Amino acid sequence: MDVRKKNRVRVTGRENGPVVMLAHGFGCDQNLWRLVAPTLEEHFRVVLFDHVGAGRSDASAWSPERYSTLDGYAQDVIDICQGFGLGPVTFVGHSVSSMIGVLAVVQQPALFEKLVLLTPSPSYIDDGDYRGGFSEQDIDELLESLDSNYLGWSATMAPVIMGNPERPELGEELTNSFCRTDPEIARVFARATFLSDNRADLPKVTVPTLIAESARDTIAPREVGAFVHAQIPGSELVTLDSTGHCPQLSAPEETAEAIIAFVQGS
């Protein structure tokens with residue numbers, strides 16, 4: 001299958017600039033990068049794409065077998081890099097795509113120059129001294145609610161994920177994005193997202209890595225950012241002065257600046 005059509009890949013920006021690949025999170029698509037991408041395009045060759053099952057990707061390429069774990073999405077990232085002859089690239093992964101990027105880098109490190117993890121979480125479930133932000137019961141209830149009433153779940157959860165209650169238009173945008181996702185695909189992706197545990201993969205990352213966390217994020221609290229930073233050798237940690245789990249929407253200028261500074265740094 002044509003990877004351009006499969007993932008609705010778009011390549012924009014400076015023709016000969018360093019390549020930056022932007023990957024969206026659960027329930028979203030490449031449109032959520034629209035406030036950051038134009039700034040990045042002034043400096044870099046920017047690659048945008050939709051995960052299979054999201055946005056305007058080829059839904060016929062989706063199967064529960066391939067996409068029941070994050071490995072299927074990581075393979076797609078590798079396929080895009082190889083199919084377009086890209087590389088090495090800086091991969092910027094938001095939320096669950098940060099761990100998709102970790103898996104891709106561990107599998108094919110030569111394809112990647114650097115890695116940016118935006119509001120990452122290797123595991124959402126508290127475990128002993130590790131604080132992921134949710135109990136196992138919290139996640140079970142979240143998934144049960146999603147199964148029973150996906151549209152209702154979206155309307156409830158999206159504003160929580162987005163934060164910024166004084167800017168309701170942001171939560172509404174995320175709600176609409178969630179509601180555009182096929183419920184069956186969302187159920188499978190949600191389980192791959194919220195039940196995954198990639199903590200053991202973090203020390204295997206061998207490329208320069210930036211962790212960019214939000215100062216106030218109920219989905220990935222700052223303890224998670226500190227954990228990821230401690231586990232990835234030589235990584236950098238920056239705390240954006242942003243609220244919520246989607247700083248590319250709530251604080252796009254600061255998000256873009258952090259990416260540019262890291263990519264252009266030695």
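Bear in mind the structure is a predicted one, so any value in this text is a computation, not a measurement. Quick note: residue numbers are just sequence positions, from 1.
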For [X] and [Y], indicate whether the former's side chain and the latter's backbone hold a donor-acceptor pair under 3.5 Å.
X	Y	result
Asn164	Glu166	no
Ser57	Ala59	no
Ser145	Glu141	no
Asp217	Ala220	yes
Ser98	His94	no
Asp182	Gly53	no
Ser97	Ile100	no
Asp2	Arg4	yes

Looking only at heavy atoms, what is the nearest atom pair of [X] and [Y], with distance?
X	Y	value
Ser177	Leu32	OG-CD1, 4.2 Å
Phe112	Pro88	C-CB, 3.7 Å
Val224	Ser121	CG1-CA, 3.7 Å
Leu118	Pro247	CD1-CG, 3.6 Å
Leu210	Ala258	CD2-O, 3.8 Å
Ser250	Thr243	OG-O, 3.3 Å

Checking [X] now: which residues fulfil salt bridge (charged side-chain N to carboxylate O under 4.0 Å, His left out) with it, not counting sequence neighbours?
X	value
Asp127	Arg199
Glu223	Arg131
Arg222	Glu213

Hits for ring-ring contact (aromatic ring centres under 6.0 Å, His included) against Phe134, two or more places apart or cross-chain, chain-then-number order -> none
Sorted by chain and number, sequence neighbours left out, ring-ring contact (aromatic ring centres under 6.0 Å, His included) with Phe84 holds for none
Side-chain donor-acceptor contacts of residues 35-42 below 3.5 Å, not counting sequence neighbours, with atom names and distances?
unit_1 : atom_1 : unit_2 : atom_2 : d
Glu41  : OE2    : Thr12  : OG1    : 2.7

When you measure from the centre of the six-membered ring of Phe262, is the NZ or CZ of Lys114 under 6.0 Å away and within 45° of the axis? yes
Nearest-0.5 Å distance that lies between atom [atom1] in [X] and atom [atom2] in [Y]:
X	Y	atom1	atom2	value
Arg167	Leu249	CZ	CG	8.5 Å
Met21	Leu115	CE	CG	12.0 Å
Thr209	Ile211	OG1	CD1	6.5 Å
Ile161	Cys28	CD1	SG	8.0 Å
Asn198	Met99	CG	CE	6.5 Å
Leu142	Thr156	CG	OG1	10.5 Å

Aromatic rings His51 and Phe49: how do their planes relate, parallel, tilted or perpendicular, breaks at 30° and 60°?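 Ring orientation of His51 relative to Phe49: perpendicular.
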Which class fits the ring pair Phe26 and Phe194: parallel under 30°, tilted 30 to 60°, perpendicular over 60°? perpendicular
Take atom CD in Gln82; do more than 12 heavy atoms of anything else shown fall under 6.0 Å from it?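 Atom CD in Gln82 is crowded, with more than 12 foreign heavy atoms closer than 6.0 Å.
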Is any side-chain heavy atom of [Y] closer than 4.5 Å to one of [X]?
X	Y	result
Asp138	Tyr124	no
Ile125	Ser135	no
Val263	Phe44	yes
Val47	Leu22	no

Kindly state each residue pair satisfying salt bridge (Lys or Arg N to Asp or Glu O under 4.0 Å) with at least one member in residues 69-83, sequence neighbours excluded. Lys6-Asp76, Arg66-Asp76, Arg66-Asp79
Can you pull the salt bridge (Lys or Arg N to Asp or Glu O under 4.0 Å) pairs that have at least one residue in residues 11-23, sequence neighbours excluded?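 Counting only pairs at least two positions apart or across chains, the salt bridge (Lys or Arg N to Asp or Glu O under 4.0 Å) contacts touching residues 11-23 are Glu15-Arg45.
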Sequence-distant partners of [X], side-chain hydrogen bond (donor to acceptor under 3.5 Å, both in side chains), two or more places apart:
X	value
Ser154	none
Ser214	Ser242
Ser68	none

Residue pair Val20, Val89: steps toward the side chain to side chain contact (heavy atoms under 4.5 Å, CB included) verdict: CA-CA 6 Å; Val20 172; Val89 310; over 6 Å; no
Checking side chain to side chain contact (heavy atoms under 4.5 Å, CB included) between Leu103 and each of Leu70, Val205, Ile78, Thr69, which is the one that passes?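 Among Leu70, Val205, Ile78, Thr69, the one that satisfies the side chain to side chain contact (heavy atoms under 4.5 Å, CB included) with Leu103 is Leu70.
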Kindly say whether the aromatic ring centers of Tyr73 and Phe189 come within a distance under 6.0 Å.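 Yes.
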Return each pair, listed once, that meets side-chain hydrogen bond (donor to acceptor under 3.5 Å, both in side chains) where at least one residue sits in residues 23-38; pairs must be two or more places apart or across chains.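 Residue pairs with at least one partner in residues 23-38: Arg10-Gln30, Gln30-Asp50, Arg34-Glu173.
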Before you tell me yes or no, could you show the steps for Trp153 and Ser148 under side chain to side chain contact (heavy atoms under 4.5 Å, CB included), namely the whole-Å CA-CA distance, both residues' side-chain angles and the distance that decides it to 0.1 Å? CA-CA 9 Å; Trp153 178 89; Ser148 63; over 6 Å; no
Pair Leu195, Leu143 - check side chain to side chain contact (heavy atoms under 4.5 Å, CB included), show working. CA-CA 10 Å; Leu195 297 178; Leu143 294 174; 4.0 Å; yes
Tyr130 reachable from Leu202 in the ILVMFWY side-chain graph, under 4.5 Å edges: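 They do share one cluster, since a chain of ILVMFWY contacts under 4.5 Å joins Leu202 to Tyr130.
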Leu146-Leu151 co-clustered via ILVMFWY side chain contacts under 4.5 Å: yes
With no hydrogens and no angle check, do the side chains of Thr218 and His245 hold a donor and an acceptor under 3.5 Å apart? no
List the steps and the verdict of side chain to side chain contact (heavy atoms under 4.5 Å, CB included) for Val52 and Asp58. CA-CA 6 Å; Val52 170; Asp58 187 346; over 6 Å; no
